[in-house]
Each structure stands twice: as C-alpha cells, then as structure tokens.
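Input: a single structure, listed below in structure tokens.
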2 protein chains.
Amino acid sequence: MMSQCYCTSLRNAARRVTALYDEAIAPVGVNIAQFALLRSIARGEPVALTELAKRTDLDRSTVGRNIRVLEQMGLVAMSRGKDQREVSVSLLDRGRRTLDEGAPLWDAVQARIEARMGTAAAHALRAALHNL
Amino acid sequence: MMSQCYCTSLRNAARRVTALYDEAIAPVGVNIAQFALLRSIARGEPVALTELAKRTDLDRSTVGRNIRVLEQMGLVAMSRGKDQREVSVSLLDRGRRTLDEGAPLWDAVQARIEARMGTAAAHALRAALHNL
DNA sequence: TCATAATGCGGGTATATACCCGTATATAGT
DNA sequence: ACTATATACGGGTATATACCCGCATTATGA
C-alpha cells in the first residue's frame with residue numbers, strides 16, 4: 001500500500017533502492033553509501049572531513065565515522081595536513097580498485113532502474129528529488 | 001550539485017525531507033518515523049510485531065526496537081497475547097493524543113511540500129516512488 | 001502422542017545518521 | 001604579541017535500520 005506521506009514514501013523508497021544498490025555493489029566489498037563516499041573522495045583528494053561533509057551534504061561527524069570504517073577496510077588513508085586541525089582523506093590503491101571494479105556494477109543497477117521506470121520517468125524523478 | 005545516482009539522490013532527499021518533517025512534528029515530542037509507526041499501529045490494534053513489520057515494510061527487529069522506544073515514552077503498550085510468542089502492541093492514551101496533536105502539524109508540512117513542488121509534481125513524485 | 005517444522009521474538013552486531021560538547025589549532029583584531 | 005573568535009575534529013549519545021542466531025511456543029504430520 002502506498003503511503004500518503006511524502007516523507008514515508010521517500011524513506012521507504014530510499015531503503016528499498018539502497019538494498020538494490022547494496023546487493024549490486026556487494027561483490028566489491030562495500031555498500032552503496034561507502035561507494036558513494038569513495039566517489040566523493042575521488043572527486044578531489046586529499047580532502048578534509050569538513051569539505052567531504054559539504055560535498056556529501058552529511059554531518060561532519062557522520063562522515064568522520066564512515067571514513068573510519070573505510071580506513072579499517074584499507075580503502076582510504078587519513079592523515080593530518082599542514083593545518084593540524086584538518087584530517088586529510090585520500091584513496092589507497094585498494095580504494096581506487098574498488099571504485100574501478102564497482103563502476104560497471106553500479107552502471108548495471110542504474111540501468112536496471114531506468115529500464116524498470118522508463119528513462120523519462122527516471123529523469124523526472126531525479127529532477128523532482130533534486131528540487132525537493 | 002545533483003547526484004547522478006538514483007540511490008544517492010533518494011537517500012539525500014529522504015534525509016532532507018525527514019529533517020523537515022522531524023522539525024514540523026517535534027512539538028508533540030516524536031520524530032516522523034515514530035509518528036508513522038504510531039499511525040501504523042492505529043491502523044489496527046492490537047498488532048503483533050511481525051504484522052507491524054509487514055505493514056511498515058521494515059525488518060521485525062527494527063520494529064521491535066523502535067516500539068520499545070515508544071514504550072519507554074509511554075505512548076504504546078506491549079503485552080503477550082493468546083499466542084505466547086506474539087507481542088501485541090497497542091496505543092496508550094498518550095500515544096493517541098500524540099497522533100491527534102501531530103495530525104495538523106503533519107498536514108501543514110505536507111501542504112508546504114506540495115506548495116513548494118506543485119501539487120502535480122508532488123503526486124507524480126509519490127507515484128514514481130511507489131513504482132520504484 | 002511425539003518428533004519435526006514453522007513461527008515469533010530478543011539480542012548481538014554493524015552501518016548510517018544527527019546533534020551537542022569539549023579540545024586543539026589557527027586566525028583576526030587590538 | 002595577546003586575547004578573542006572561528007574552525008576542525010573526536011567522542012558521547014541517540015535513533016533508524018538490517019541480518020543472523022538462538023530460544024520459546026505453536027502447529028503439523030506420521
């Protein structure tokens with residue numbers, strides 16, 4: 001049954017779609033949130049936690065904690081920069097490999113979703129979400 | 001910047017919209033996830049955790065934990081039924097009051113979102129999310 | 001009836017997420 | 001140069017969420 005609440009609809013959709021992406025990307029050993037975070041880092045390294053939080057629109061403490069997991073997994077490295085307050089995050093080789101190997105998996109699930117909804121509807125959805 | 005990833009777009013939108021609803025509903029002392037859960041209970045009480053999980057499309061353990069918070073808040077009651085395995089959840093008076101008092105706040109934020117997107121776009125979004 | 005299977009939970013573990021507070025470092029203004 | 005302020009984190013705390021495992025209870029079938 002379809003919820004009448006935009007928020008609930010969104011939350012449900014996000015959970016369901018997250019599960020889809022998680023499953024698709026699982027072979028490379030990360031979930032979609034981690035994959036997205038790796039991509040954000042790749043968009044410009046090294047990057048400080050606060051800057052990464054801005055890029056992802058997440059709370060800084062959230063980013064810090066999520067990054068720590070990626071660090072434990074050996075995908076990224078954290079280090080202090082010139083400004084001793086900042087923590088610089090960079091991709092390690094394994095992180096880069098994860099991105100490379102995950103890309104086609106991501107493409108596939110992305111395409112699967114577009115196919116299921118229709119390209120036009122998919123783009124409309126994306127625009128709507130953006131304008132929310 | 002708009003993410004190219006449906007999943008990331010959805011997750012971001014869900015977070016942002018959740019924050020909106022949370023803020024709107026805060027005066028009655030619950031967040032939107034809790035409010036939605038209360039509503040699910042109200043849809044038919046008493047209700048077992050597994051049934052509630054089906055209604056909300058959440059994992060049963062998630063529902064159990066979330067319900068426990070509502071119980072601590074004095075909004076719902078948990079009890080064993082005829083089938084000793086089942087845990088029956090019912091609304092307490094305070095829970096019902098929370099629903100009543102929250103309803104107009106929910107209406108308001110819902111209307112605010114429709115106004116911002118336009119009714120047609122909002123309905124299209126909801127349909128798209130549902131078909132996802 | 002008695003063993004087996006199915007069902008319903010609870011708890012452990014883990015991630016994602018946010019907010020607040022305290023501490024360390026850097027910057028600015030006097 | 002020194003103080004006041006701003007910035008960057010880390011950790012505490014809390015919710016939401018899922019998956020898996022084990023235990024208790026019920027239902028099934030031989």
Side-chain angles (χ1 to χ4, degrees), chain A residues 7-8 10-23 25-26 29-38 40 46-73 75 78-89, chain B residues 7-8 10-23 25-26 29-38 40 46-73 75 78-89:
Chain A
C7 189
T8 302
L10 263 175
R11 293 169 64 85
N12 288 345
R15 278 188 303 102
R16 287 200 308 270
V17 172
T18 294
L20 270 182
Y21 277 74
D22 278 352
E23 191 185 355
I25 206 95
V30 293
N31 63 32
I32 189 61
Q34 294 167 335
F35 191 72
L37 191 49
L38 286 175
S40 298
V47 57
L49 292 184
T50 295
E51 165 63 18
L52 201 47
K54 274 179 198 150
R55 281 187 200 171
T56 56
D57 196 37
L58 292 172
D59 188 84
R60 192 192 44 64
S61 69
T62 297
V63 171
R65 288 180 163 109
N66 292 356
I67 285 291
R68 222 176 304 160
V69 174
L70 294 179
E71 188 192 27
Q72 306 276 296
M73 297 170 82
L75 303 180
M78 299 172 82
S79 63
R80 296 276 166 176
K82 280 169 279 195
D83 187 331
Q84 288 290 298
R85 294 170 304 180
E86 285 187 356
V87 169
S88 285
V89 182
Chain B
C7 187
T8 302
L10 264 175
R11 293 168 64 84
N12 288 344
R15 278 189 302 104
R16 287 199 308 269
V17 172
T18 294
L20 270 182
Y21 277 74
D22 279 351
E23 191 186 354
I25 206 95
V30 293
N31 63 33
I32 189 62
Q34 294 167 335
F35 191 73
L37 191 49
L38 286 176
S40 298
V47 57
L49 292 183
T50 294
E51 164 63 18
L52 200 48
K54 273 178 198 150
R55 282 188 201 172
T56 56
D57 195 36
L58 292 172
D59 189 85
R60 192 193 43 68
S61 69
T62 297
V63 171
R65 288 178 163 111
N66 294 354
I67 285 292
R68 223 175 304 160
V69 175
L70 294 180
E71 188 192 29
Q72 304 277 296
M73 297 169 81
L75 303 180
M78 300 173 81
S79 63
R80 298 275 168 177
K82 280 171 280 197
D83 187 332
Q84 288 291 299
R85 293 171 302 181
E86 285 187 355
V87 169
S88 285
V89 182

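These figures come from a predicted structure and were not determined experimentally. Numbered from 1 within each chain, the chains take letters A, B, ... in sequence-line order.
- The salt bridge (Lys or Arg N to Asp or Glu O under 4.0 Å) test applied to A:Arg55 returns A:Glu51, not counting sequence neighbours.
- Within 4.0 Å (heavy atoms only), B:Ala48 reaches sugar-phosphate atoms of the nucleic acid but no base atom.
- The residue B:Asp83 sits close only to the backbone: its heavy atoms come under 4.0 Å of sugar-phosphate atoms, none of a base.
- Put simply, chain B comes within 4.0 Å of DNA chain C, heavy atom to any atom, from C:dA6 to C:dA18, going 5' to 3'.
- Listed by chain and number, the residues in a salt bridge (Lys or Arg N to Asp or Glu O under 4.0 Å) with A:Glu86 amount to none (sequence neighbours excluded).
- With sequence neighbours left out, B:Ala13 forms a side chain to side chain contact (heavy atoms under 4.5 Å, CB included) with A:Leu10, A:Leu129, A:Leu132, B:Arg16.
- Between A:Asp57 and A:Arg85, the residue anchored closer to the 5' end of DNA chain C is A:Asp57, taking for each the nucleotide with the nearest heavy atom.
- For B:Thr18, the side chain to side chain donor-acceptor pair (under 3.5 Å) criterion is met by A:Arg11, not counting sequence neighbours.
- Residues forming a side chain to side chain donor-acceptor pair (under 3.5 Å) with B:Arg85 (at least two apart in sequence, or on another chain): B:Asp83.
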Please set out all donor-acceptor pairs under 3.5 angstrom arising from side-chain atoms of residues 58-71 of chain A, sequence neighbours excluded.
{"from": "A:Asp59", "atom 1": "OD2", "to": "A:Ser61", "atom 2": "N", "distance (Å)": "2.9"}
{"from": "A:Asp59", "atom 1": "OD2", "to": "A:Ser61", "atom 2": "OG", "distance (Å)": "2.6"}

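- Applying a 4.0 Å cut-off to non-hydrogen atoms, none of the residues of residues 29-38 of chain B approaches DNA chain C.
- Qualifying side chain to side chain donor-acceptor pair (under 3.5 Å) partners for B:Thr50, counting only residues two or more places apart in sequence or in other chains: none.
- Partners of B:Asp57 by side chain to side chain donor-acceptor pair (under 3.5 Å), not counting sequence neighbours: none found.
- For CD of B:Glu23, the number of neighbouring non-hydrogen atoms (other residues, nucleotides, ligands) closer than 6.0 Å is 12 at most.
- Rounding to whole angstrom units, CG of residue A:Asp59 and P of D:dA8 are separated by 14 Å.
- For the segment residues 60-72 of chain A, residues with any heavy atom less than 4.0 angstrom from an atom of DNA chain D are, sorted by number, A:Arg60, A:Ser61, A:Arg65, A:Arg68.
- A:Met78 has its CE atom 9 Å from the C1' atom of D:dC9, to the nearest Å.
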